[in-house]
Amino acid sequence: MNKPLSAHEALIYVMVLASAVDRTMNDRELSRIGELIHALPVFKGFDDETLISVSRDCAKLLANNEGLDIVLETVRDTLPARLYDTAYALAVEVASADLSVKAEELRLLSLLRDRLGLDKLTCAAIERSAIARYRKA
């Protein structure tokens, strides 16, 4: 990687990782990533035109032998601690987008929680919130 990541890019890496961890990036997940970028204040000032190149850069890192660890370390080292819970919430949103959270996605959430040093109560609250938002009537 030639230049350091911005916080925006690190958050996008988290979402790409959450989508790709099960080896399928489906349309619902990709659509949700776009919606989150457009709707959330944390992405204010992000240039939408760079989304594809940022996603490709993340995918290239993930293709390496230790790609998952590299991406997780990069995210942790790039984001200010105040955005760690935001990163976790974004991962939960993308994992939940297809209304089915797979074992690989649960494992990623666990790794992300541990790597960012998030407490279990905070993570449980974020996860519970997603359950409430995605519940069918």
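Note that the coordinates shown come from a computational prediction; the quantities given were computed from them, not determined experimentally.
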Under the rule for salt bridge (Lys or Arg N to Asp or Glu O under 4.0 Å), what residues qualify as partners of Glu9, not counting sequence neighbours? Lys3
Return the set of residues passing salt bridge (Lys or Arg N to Asp or Glu O under 4.0 Å) with Arg32 (not counting sequence neighbours), or none when no residue passes. Glu35, Glu93
Should side-chain heavy atoms under 4.5 Å link Ile, Leu, Val, Met, Phe, Trp and Tyr, which residues sit in the same cluster as Val101?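 Via sub-4.5 Å side-chain contacts, Val101 links to Leu106.
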Which other residues belong to the hydrophobic cluster containing Tyr134, where Ile, Leu, Val, Met, Phe, Trp and Tyr are joined when side-chain heavy atoms lie under 4.5 Å apart, directly or via other members? Leu99
Calculate, to the nearest 0.5 Å, the distance between atoms CZ and CG belonging to Arg113 and Leu111 respectively. 9.0 Å
Please round to the nearest 0.5 Å and tell me the distance separating atom CG of Leu118 and atom OG of Ser110. 11.0 Å
Scan residues 95-110 for pairs that pass salt bridge (charged side-chain N to carboxylate O under 4.0 Å, His left out), counting only residues two or more places apart or in two chains.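 Non-adjacent pairs meeting salt bridge (charged side-chain N to carboxylate O under 4.0 Å, His left out): Asp22-Lys102, Asp98-Lys102.
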Determine which pairs satisfy salt bridge (charged side-chain N to carboxylate O under 4.0 Å, His left out) with at least one residue from residues 41-51, sequence neighbours left out, and list them in order. none
Side chain to side chain contact (heavy atoms under 4.5 Å, CB included) assessment of His38 paired with Phe43: CA-CA 7 Å; His38 287 108; Phe43 288 107; over 6 Å; no
Compare all side-chain heavy atoms of Val75 with those of Leu11 and state whether any distance is below 4.5 angstrom. no
Is there a side-chain contact between Val71 and Val14, using heavy atoms and a 4.5 Å cut-off?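 They are not in contact (no side-chain heavy atoms under 4.5 Å apart), so the answer is no.
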Can Ile70 be reached from Leu5 by stepping across I, L, V, M, F, W or Y side chains whose heavy atoms are under 4.5 Å apart?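 Both belong to a single hydrophobic cluster.
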Name each donor-acceptor pair under 3.5 Å that joins a side chain in residues 78-92 to protein atoms two or more places apart or in another chain, with its distance.
unit_1 : atom_1 : unit_2 : atom_2 : d
Thr78  : OG1    : Thr74  : O      : 2.7
Tyr84  : OH     : Arg76  : O      : 3.0
Tyr88  : OH     : Glu127 : OE2    : 2.3

Using every non-hydrogen atom in the two residues, find where Val94 and Met15 come nearest and quote the distance to one decimal.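 Shortest heavy-atom contact: CG1-O, 3.6 Å.
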Give me the atom names and distance for the closest heavy-atom approach of Ala18 to Leu108. CA-CD2, 3.5 Å
Using a 6.0 Å cut-off, check whether atom CD of Glu73 has over 12 heavy atoms from anything other than its own residue. yes
Would you find a donor on one side and an acceptor on the other, under 3.5 Å apart, between the side chain of His8 and the backbone of Val42? yes
So, using side chain to side chain donor-acceptor pair (under 3.5 Å) as the criterion, who are the partners of Ser129 when residues are at least two apart? Arg133
Which residues pass the side chain to side chain donor-acceptor pair (under 3.5 Å) test with Asn64, not counting sequence neighbours? none
Can you give each donor-acceptor pair under 3.5 Å made by side-chain atoms of residues 53-63, sequence neighbours left out, with the distance rounded to 0.1 Å?
unit_1 : atom_1 : unit_2 : atom_2 : d
Ser53  : OG     : Thr50  : O      : 2.9
Ser55  : OG     : Leu51  : O      : 2.9

Are Leu68 and Leu17 close enough, and set up right, to give a side chain to side chain contact (heavy atoms under 4.5 Å, CB included), and what steps lead you there? CA-CA 8 Å; Leu68 177 61; Leu17 185 56; 3.5 Å; yes
Who are the side-chain contact (heavy atoms from CB on, under 4.5 Å) partners of Asp119, not counting sequence neighbours?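 Scan of Asp119 (side-chain contact (heavy atoms from CB on, under 4.5 Å), adjacent residues dropped) gives Leu121, Thr122.
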